[in-house]
Amino acid sequence: MKCTIGLIFLFLPIVLSLDDMDMKFTVNYFKMRYIKTLCLLDCKNNTWSKKLTKYANAQMISVLNVQIGKTLNYGFIDVCLEQRLPSIGVFIDTNCALYENILVYASENTRFDSRHKWLLIDHNKNSSSLEINDDILEALNHLNLSLNADIVIGKSMGSTVYKLYDIYNFGKLQGGELIADELGTWYIYSGVDDKLKINDYKYYRRWNFQQIPLKLITVMSKPPKEFDPKIIADTKPNANIPVITITGNIILNVIAEIHNFRFIYTITDRWLGDFSRNSSKVVASSLYFRTQDISPVIRFINETLKRIDIIHPPLTSIETRYYYRIPTYGVGKLQNQFLRPLSAGAWLSVLLVVTLCSILLLLSAILEQRSFSGQYAVFSVIASICQQYFEDNDVNTRRRSSFAREVTIFITGIFCVLIYNYYTSSVVSWLLNAPPPSITSLEELLESPLELIFEDIGYTRSWLQTPSYYCNKRNEKVEDLLRKKKVLNKKQSSPLLEPVEKGIAMVKSGGYAYHMEVDNANRLISKSFTQTELCELGSLQSMDKTNLYACLQKDSPYKEFFAWSVARLLERGIVSCIQRRTRSQEVKCEGSSPRALALGGAAPAFLLLAFGYLLATVIMLLERLVQRTKERVEVGKWLNGEKRKCY
């Protein structure tokens, strides 16, 4: 009996020293990781926990302790694992009977991410073994670990030595296997091994993905029956695939080649839609419900960003326009603007001066005692504007010529000649210059005789099917009117969604405004339009140049990795190189092209002239009618007078 008690007292200091080493190793490890808050999950006695807390507080680390003995309080565990700072340390005692339950609970609640630094200590009694305890590895292998997991196992190799292993998985849901990479050796008294670089960026170590598959969803207008991934990762242009999709896929494929993983492709017809289980499969909803991992491009929309994550920096950009041949028919602002070359202020000044001249002529005519002074004043000014001369031809009235009247008529004539010169100069300059875009806003497009057609592509389908989707949020009212009046009210036989080759051909024939992406438009227009047709081509911006980003599931474990990879490619110029290879050069009308004055644009002037001739004819007929009536009355009076003389 005395011998047994002696052995207990002999080995008790050794046992206590082992616990002290675990405590020092745990605190010093998290201090080296720059952790300020530690979640301690253990089933030891309170003495050991208080001792670790006191030692950690001395190292400026706060400790939250939860006992995981016979029962588990998941509410306390949630509070302990809650992230209060950029990173939180978590220590779990693998000797506790319920530690596997904690690991499963943390896995189900996505606590194995880059913001939770986990530390497990392997107390395998066989200290000579260099391998981790199979029970611990088996427990970790069943967890949903991914690329961003930050788990380190410290295997005790004696009283003061720990071998550190980095535990992660490139994607448990993607079929990856658990990986345990040796980091180095930790010595309690002499310090860490020179090869141990625990704070190095972890993706430098996790470089080779071992060909794990990631699910990539992308957009094509008409998915082929047999899909070949090369067609969306080829720099050669393809009419059915937008340039933005090609650019994004090429960049992601470069990353996949560098890090040795592959994509499983899913093809859909649009990017945005309804976020409901029963809705059609689109990019945003597929990522939201976690059926897909990544997509090459998506537009920055606040409603979407609440449900998915995007990767900075952007991979490419998009700009859409309405392309059309400038109409050569119709009246008004759709073509020749020579009917209104002067500004509204200039016409107001003309009206003011004409009114003033009319008033001065009226006063002068009254002083000269003309019989029809008002008529003389008004028609004299109108005649001057029309480059004519007006005289009342009243020879019976004795007139007194005033100097004021002569000066007023002279000033009026000079003023009207200047207006005429400025007016004709504006017309000539408009005709000699290259024709400006005749439609300058969506409001004018709405009023135009052009029929709207659209490229059969994802953002067009989103615009047609989703009322809250706008090409430009600032133009939401007029876009709603366009949808209502020129799209939803179209006849069933009228074209609406057309492939790019047919759409450009319809624009070339005239009468249509085709909405499409700028890069594809430049490429096809440069091939099919002559220089003369280019000078007659107009365009109206619909969607401003907008950056597009690769997108992932919300809180995806791959977000940091892809952001880092894209940033590396951007710094090395690879992203800009791919963008230059896939984009098309802008097509422009070379120089200026004189344009004939269209009869349709001059129609109001000819109508005004015809109205003047018609009015003059009516006045002439009325005057002749009045004159004949007067003559008949006089003849009647004369005849009546003769008859009375006879009697």
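The figures that follow rest on heavy atoms only: side chains count, while hydrogens, waters and symmetry mates do not. Counting from 1, the numbers follow the sequence of the chain as shown.
Salt-bridge formation is detected for the pair Arg321/Glu319: a Lys NZ or Arg NE/NH1/NH2 atom is positioned less than 4.0 Å from an Asp or Glu carboxylate oxygen. A salt bridge is defined here as a Lys NZ or Arg NE, NH1 or NH2 lying under 4.0 Å from an Asp or Glu carboxylate O, and Lys477 with Asp480 fails to meet this definition. Salt bridge Arg205/Asp200: absent, no basic N to carboxylate O contact under 4.0 Å. Salt bridge present: Lys554 and Asp309 bring a charged side-chain N and a carboxylate O closer than 4.0 Å. Under the 4.0 Å criterion applied to side-chain N and carboxylate O atoms, Asp166 and Arg206 are assigned as salt-bridge partners. Under a 4.0 Å N-O distance rule, the pair Glu177/Lys172 does not qualify as a salt bridge. Salt bridge annotation for Lys281-Asp269: absent, with no cationic side-chain nitrogen under 4.0 angstrom from a carboxylate oxygen.
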Next on the checklist: Between Thr320 and Met516, does the side chain to side chain contact (heavy atoms under 4.5 Å, CB included) criterion hold? Intermediate values first, please.
Outcome noted: CA-CA 5 Å; Thr320 63; Met516 70 177 304; over 6 Å; no

Next on the checklist: One pair to check against salt bridge (Lys or Arg N to Asp or Glu O under 4.0 Å): Asp150 and Arg115. What are the steps and the verdict?
Outcome noted: CA-CA 8 Å; Asp150 197 320; Arg115 293 167 292 186; over 6 Å; no

Item to check | Step-by-step side chain to side chain contact (heavy atoms under 4.5 Å, CB included) determination, Ile92 to Ile102 | outcome: CA-CA 9 Å; Ile92 185 168; Ile102 302 296; 3.7 Å; yes

Next on the checklist: Would Asp293 and Ser556 count as a side chain to side chain contact (heavy atoms under 4.5 Å, CB included) here? Give the steps.
Outcome noted: CA-CA 8 Å; Asp293 294 317; Ser556 170; over 6 Å; no

Next on the checklist: Using salt bridge (Lys or Arg N to Asp or Glu O under 4.0 Å), reason through Glu451 and Lys486 one step at a time and then give a plain yes or no.
Outcome noted: CA-CA 7 Å; Glu451 186 175 350; Lys486 289 213 166 192; over 6 Å; no

Item to check | Test side chain to side chain contact (heavy atoms under 4.5 Å, CB included) applied to Val297 and Tyr549, step by step | outcome: CA-CA 5 Å; Val297 291; Tyr549 305 81; over 6 Å; no

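Of the possible polar contacts, one joining the Ser584 side chain to the Asp519 backbone as a donor-acceptor pair under 3.5 Å is found. Proximity of a side-chain donor or acceptor of Ser462 to a complementary backbone N or O of Leu272 within less than 3.5 Å is detected. Checking side-chain atoms of Ser295 against main-chain N and O of Ile217 turns up a donor-acceptor pair under 3.5 Å. Distance alone, capped at 3.5 Å, places no donor-acceptor pair between the Tyr324 side chain and the Leu445 backbone. Remark: the backbone N or O of Val219 is not paired with any side-chain donor or acceptor of Thr268 at under 3.5 angstrom. With hydrogens and angles ignored, the 3.5 Å screen pairs a side-chain donor or acceptor of Gln553 with a backbone N or O of Gln292. Formation of a donor-acceptor pair under 3.5 Å by the Lys490 side chain with backbone atoms of Leu452 is found in this model. A donor-acceptor pair under 3.5 Å is formed between the side chain of Asn489 and the backbone N or O of Lys484. Judged by distance alone, with hydrogens and angles left aside, the side-chain atoms of Arg325 form no donor-acceptor pair with the main-chain N or O of Ala513 at under 3.5 Å. With hydrogens and angles ignored, the 3.5 Å screen pairs no side-chain donor or acceptor of Thr37 with any backbone N or O of Ile88.
Between Val152 and Trp186 there is no side-chain heavy-atom pair separated by less than 4.5 Å. Tyr558 has its side chain out of reach of Ile294: every pair of non-hydrogen atoms, C-beta onward, lies at least 4.5 Å apart. Here the side chains of Gln211 and Phe261 are not in contact, with every heavy-atom distance at 4.5 Å or above.
Ring centers of Trp463 and Tyr470: at least 6.0 Å apart, outside the cut-off. Checked against a 6.0 Å centroid threshold, the rings of Tyr105 and Tyr74 count as neighbours.
Of the N and O atoms on the side chains of Asn522 and Glu586, not one donor lies less than 3.5 Å from an acceptor on the other residue. Counted by atom type alone, Glu498 and Tyr512 present zero donor-acceptor pairs between their side chains at under 3.5 Å. Counting only N and O atoms by type, the side chains of Arg474 and Asn472 include a donor and acceptor under 3.5 Å apart. No side-chain N or O of Gln585 forms a donor-acceptor pair with one of Ser526 less than 3.5 Å apart. A donor and an acceptor atom, one from each side chain of Tyr168 and Asn148, are nowhere located under 3.5 Å apart. In the model, Glu444 has no side-chain atom that pairs as donor or acceptor with a side-chain atom of Ser448 under 3.5 Å.
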Can you give the donor-acceptor pairs under 3.5 Å from side chains of residues 561-577 to other protein atoms, not counting sequence neighbours?
unit_1	atom_1	unit_2	atom_2	d
Ser565	OG	Phe561	O	2.9
Arg572	NH1	Arg568	O	3.2
Ser576	OG	Gly573	O	3.0

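Evaluation of the salt bridge (Lys or Arg N to Asp or Glu O under 4.0 Å) rule for Lys473 yields no partner, not counting sequence neighbours. Listed by chain and residue number, nothing satisfies the salt bridge (Lys or Arg N to Asp or Glu O under 4.0 Å) test with Arg583 (two or more places apart in sequence, or in another chain). Shown here are the side chain to side chain donor-acceptor pair (under 3.5 Å) partners of Arg270, two or more places apart in sequence or in another chain: Ser280, Gln465. Qualifying disulfide (SG to SG under 2.5 Å) partners for Cys80, counting only residues two or more places apart in sequence or in other chains: Cys39. The side chain to side chain donor-acceptor pair (under 3.5 Å) search around Ser542 returns His515, not counting sequence neighbours.
Screening Ile251, Thr247, Asn253, Leu252 against Asn249 for a side chain to side chain contact (heavy atoms under 4.5 Å, CB included) leaves a single residue, Asn253.
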